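The chain is numbered in sequence order, starting from 1. Small disclaimer: the values here were computed from a predicted structure and weren't measured.
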Amino acid sequence: MPAFLPIDLEPLPTEHPDRAAASRPDAGIFSGVHDEPVTSARNDAELAREYISHGELSPKSIANLQKELYRFLTWCREEAKKTFQQMNVADLNAYKEFIRNPPPEWVCTTKWPRNDPRYRPFSGPLSDTSRRQSMIAIKGLLAFAEHTGYLRRNPARLVRNVRAPHAGRITRYLTPAALAYALAAAEARDADSEAAARQRARDRFLLIAFAQTGARLNEIVSARMGSIYSEGDGRWWLDVLGKGNKPRRLPVPPATLAAYRDYRRAFGLLEQTSRGDHMPLVLSSRTRDHVRVTDEAASEALKAIFQQAASEAAARGDGDSASMLRQASPHWLRHSMLTNHANSGVQLKTLQDTAGHANIATTAGYLHKTDKERHDEILGSDGKGIL
């Protein structure tokens, strides 16, 4: 049985010498076999911790990197029984296959804390997309090891990336009918206690805000109350911090603003606040203290609404909406917003800026109008009765 021992992967303090040394612009440029390494890491785990500290990553990116590197470090120790210096190309390719379908003793569907003896690194097999992201993290770590002089050679240079299928267009979104079921489910929830009333108002706000702004889950959960504001011209905005710590300003429609005000009233707050208000935007409904909910708690709250809405859709004989809602996650609301606007004539450049996409080709994946027109043209042609 593998030993899933805790590994300290917390970022180093800002003033730590290794953090500064690894950031030197000349580090690794003239590296030779006799050069002194620019790291004091004594083992692979210490180097991984230094790597996580290198660069300006968001808390979510740090958590994802910690997860991937914990898996790899544990595999090196328990399965390969090698250090980074002993690793070769075949070993890295073996790991790439290992994570495709990890052994049962590496898997647990319950997400226990990493210091809990019941913790397991995987919850099941990884998709090609997840395997690709995992190997990108590991190749980044080994490149960093070479860059700092910890490794004299980097076998990851010779390992090919996992080929992940690329969806030409986005299909995971909710139709207006499915969204209507979700909104009705959120509004129909019981509010027989103060906590239940707070939860209903908060979850309704979350549903509308995600569906109308196109923000990512973490972008709204990590925002502040003062992130929703107006500059006095009647236009309301939501400031978020996106991938790569890039700030974005999202338009706030009237329905989102109304839901925000209802939500604040339910928590005993004034309808509006100042831009300097640092209170968390998404509050726990279980306490009167102003405590931020986690990403997971916000996600589960919305998934509960989707499941309730799916039951109602099925009862009404709307199988398509029910099927969508059963599979939906909060990220589908972002897809729904972008899909709706892309097919309603909004310029792709406008949507790209709103969504925070680095490449406009990603935004173009939400455009289905040409597919529908092609479908209607084919079925409307004289050749439709060929059989």
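The salt bridge (charged side-chain N to carboxylate O under 4.0 Å, His left out) contacts involving residues 212-228 comprise Arg216-Glu219, Glu219-Arg248, where partners must be two or more places apart or lie in separate chains. Among residues at least two apart or in separate chains, salt bridge (charged side-chain N to carboxylate O under 4.0 Å, His left out) pairs with a member in residues 81-98 are Lys82-Asp91, Glu97-Arg100, Glu97-Arg131. Legend: salt bridge (charged side-chain N to carboxylate O under 4.0 Å, His left out) pairs involving residues 341-361, not counting sequence neighbours, sorted by first then second residue: Lys349-Asp353.
When all heavy atoms of Leu217 and Ala298 are compared, the closest pair comes out as CD1-CB, 4.1 Å. When all heavy atoms of Ala48 and Leu141 are compared, the closest pair comes out as CA-CD1, 3.8 Å. When all heavy atoms of Trp236 and Gly234 are compared, the closest pair comes out as CD1-O, 3.6 Å. In terms of heavy atoms, Glu68 sits closest to Ala137 at CB-CB, 4.1 Å. For Ser134 against Ile99, the heavy-atom pair with the smallest separation is OG-CD1, 3.7 Å. Heavy atoms only, all atoms of each residue included: Ala322 and Ala313 are closest at N-CB, 3.8 Å.
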Would you check, one step at a time, whether the test side chain to side chain contact (heavy atoms under 4.5 Å, CB included) holds for Glu50 with Thr39? CA-CA 9 Å; Glu50 187 179 319; Thr39 174; 2.6 Å; yes
Under the criterion side chain to side chain contact (heavy atoms under 4.5 Å, CB included), I'd like the reasoning laid out for Val107 against Arg120: C-alpha separation, chi angles, the key distance, then a yes or no. CA-CA 5 Å; Val107 175; Arg120 297 295 178 267; 5.6 Å; no
Working for side chain to side chain contact (heavy atoms under 4.5 Å, CB included), residues Ile136 and Val162: CA-CA 9 Å; Ile136 287 173; Val162 177; over 6 Å; no
Quick one, Leu5 with Arg77, criterion side chain to side chain contact (heavy atoms under 4.5 Å, CB included). Give me CA distance, side-chain angles, the key distance, then yes/no. CA-CA 10 Å; Leu5 305 175; Arg77 185 188 68 239; 4.0 Å; yes
Decide yes or no on side-chain hydrogen bond (donor to acceptor under 3.5 Å, both in side chains) for Tyr173 and Asn340, but give the supporting numbers first. CA-CA 9 Å; Tyr173 64 94; Asn340 177 66; over 6 Å; no
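For His331, the ring pair (Phe, Tyr, Trp, His ring centres under 6.0 Å) criterion is met by His335, not counting sequence neighbours. Not counting sequence neighbours, the partners of Asp44 by the side-chain hydrogen bond (donor to acceptor under 3.5 Å, both in side chains) test are Tyr150. Every residue meeting the side-chain hydrogen bond (donor to acceptor under 3.5 Å, both in side chains) condition with Arg189, not counting sequence neighbours, appears here in chain and number order: Asp203. The side-chain hydrogen bond (donor to acceptor under 3.5 Å, both in side chains) check on Ser230 picks up nothing, with sequence neighbours excluded. With sequence neighbours left out, the salt bridge (Lys or Arg N to Asp or Glu O under 4.0 Å) criterion links Arg118 to Asp116. In this structure, the salt bridge (Lys or Arg N to Asp or Glu O under 4.0 Å) partners of Arg249, at least two apart in sequence or on a different chain, are Glu231. Remark: Arg265 pairs with Asp262, Glu271 by the salt bridge (Lys or Arg N to Asp or Glu O under 4.0 Å) rule, at least two apart or across chains. Partners of Asn161 by side-chain hydrogen bond (donor to acceptor under 3.5 Å, both in side chains), not counting sequence neighbours, listed by chain and number: Lys139.
Distance alone, capped at 3.5 Å, places no donor-acceptor pair between the Ser323 side chain and the Gly319 backbone. With Ser53 contributing its side chain and Leu12 its backbone, the two residues share a donor-acceptor pair below 3.5 Å.
For the ring pair (Phe, Tyr, Trp, His ring centres under 6.0 Å) criterion with Phe4, the lone passing option out of Tyr119, Phe122, Trp106 is Trp106.
A single hydrophobic cluster is not seen to contain both Leu281 and Tyr229; linkage of ILVMFWY side chains at heavy-atom distances under 4.5 Å, directly or through other members, places them apart. Leu269 and Leu206 end up in the same hydrophobic cluster when Ile, Leu, Val, Met, Phe, Trp and Tyr side chains are linked at under 4.5 Å. Under the 4.5 Å side-chain heavy-atom criterion for ILVMFWY residues, no single connected hydrophobic cluster contains both Leu257 and Met337. Hydrophobic clustering of Ile, Leu, Val, Met, Phe, Trp and Tyr side chains at less than 4.5 Å, counting indirect connections, keeps Val240 apart from Trp237. Residues Phe210 and Met324 share a single hydrophobic cluster, defined by chaining ILVMFWY side chains whose heavy atoms lie under 4.5 Å apart.
Ring geometry, Phe205 versus Tyr260: the interplanar angle falls from 30° to 60°, so the pair is classed tilted.
Figure legend: Arg326 and Trp332 shown without cation-pi pairing, the cationic atom not lying both under 6.0 angstrom from the six-membered ring centre and within 45 degrees of its axis. In this structure, Arg202 forms no cation-pi arrangement with Tyr263, as its terminal cationic atom is not both closer than 6.0 Å to the ring centre and no more than 45° off the ring axis.
Counted within 6.0 Å of CD on Gln347, heavy atoms from surrounding residues, nucleotides or ligands total 12 or fewer; the atom is thus considered open. By the 6.0 Å contact criterion, CG on Asp320 is open, its count of non-hydrogen atoms from other residues, nucleotides or ligands being 12 or less.
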Could you give the side-chain donor-acceptor pairs of residues 282-297 under 3.5 Å, partners two or more places apart or in another chain?
unit_1: Ser284; atom_1: OG; unit_2: Arg286; atom_2: N; d: 3.2
unit_1: Thr287; atom_1: OG1; unit_2: Asp289; atom_2: N; d: 3.0
unit_1: Arg288; atom_1: NH2; unit_2: Glu194; atom_2: OE1; d: 2.1
unit_1: Arg288; atom_1: NH2; unit_2: Glu194; atom_2: OE2; d: 3.3
unit_1: Arg292; atom_1: NH1; unit_2: Val221; atom_2: O; d: 2.7
unit_1: Arg292; atom_1: NH1; unit_2: Ser222; atom_2: O; d: 3.4
unit_1: Arg292; atom_1: NH1; unit_2: Ala223; atom_2: O; d: 3.0
unit_1: Thr294; atom_1: OG1; unit_2: Ala297; atom_2: N; d: 3.0
unit_1: Asp295; atom_1: OD1; unit_2: Asn218; atom_2: ND2; d: 3.4
unit_1: Asp295; atom_1: OD2; unit_2: Asn218; atom_2: ND2; d: 3.0

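In this structure, CG on Leu250 lies 8.0 Å from CG on Asp239, to the nearest 0.5 angstrom. In this structure, Gln212 CD and Ser336 OG are separated by 12.0 Å, a value rounded to the nearest 0.5 Å. Rounded to the nearest 0.5 Å, atoms CZ (Arg71) and CG (Leu126) are 5.0 Å apart. Taken from CD1 in Ile208 to OG1 in Thr256, the straight-line distance is 6.5 Å, to the nearest 0.5 Å. Considering CG of Asn64 and CD1 of Ile52, their distance stands at 11.0 Å, rounded to 0.5 Å. Interatomic distance, CD1 of Ile62 versus CG of Leu69, reported as 11.5 Å (0.5 Å rounding).
Under the 4.0 Å criterion applied to side-chain N and carboxylate O atoms, Glu187 and Arg204 are assigned as salt-bridge partners. Comment: Arg316 does not engage Asp318 in a salt bridge, judged by the lack of any side-chain N to carboxylate O separation of less than 4.0 angstrom.
Put simply, the side chain of Tyr181 does not reach to within 4.5 Å of the side chain of Ile305, judged on heavy atoms. Side-chain contact between Ser311 and Gln307 is absent, with no heavy-atom pair separated by less than 4.5 Å.
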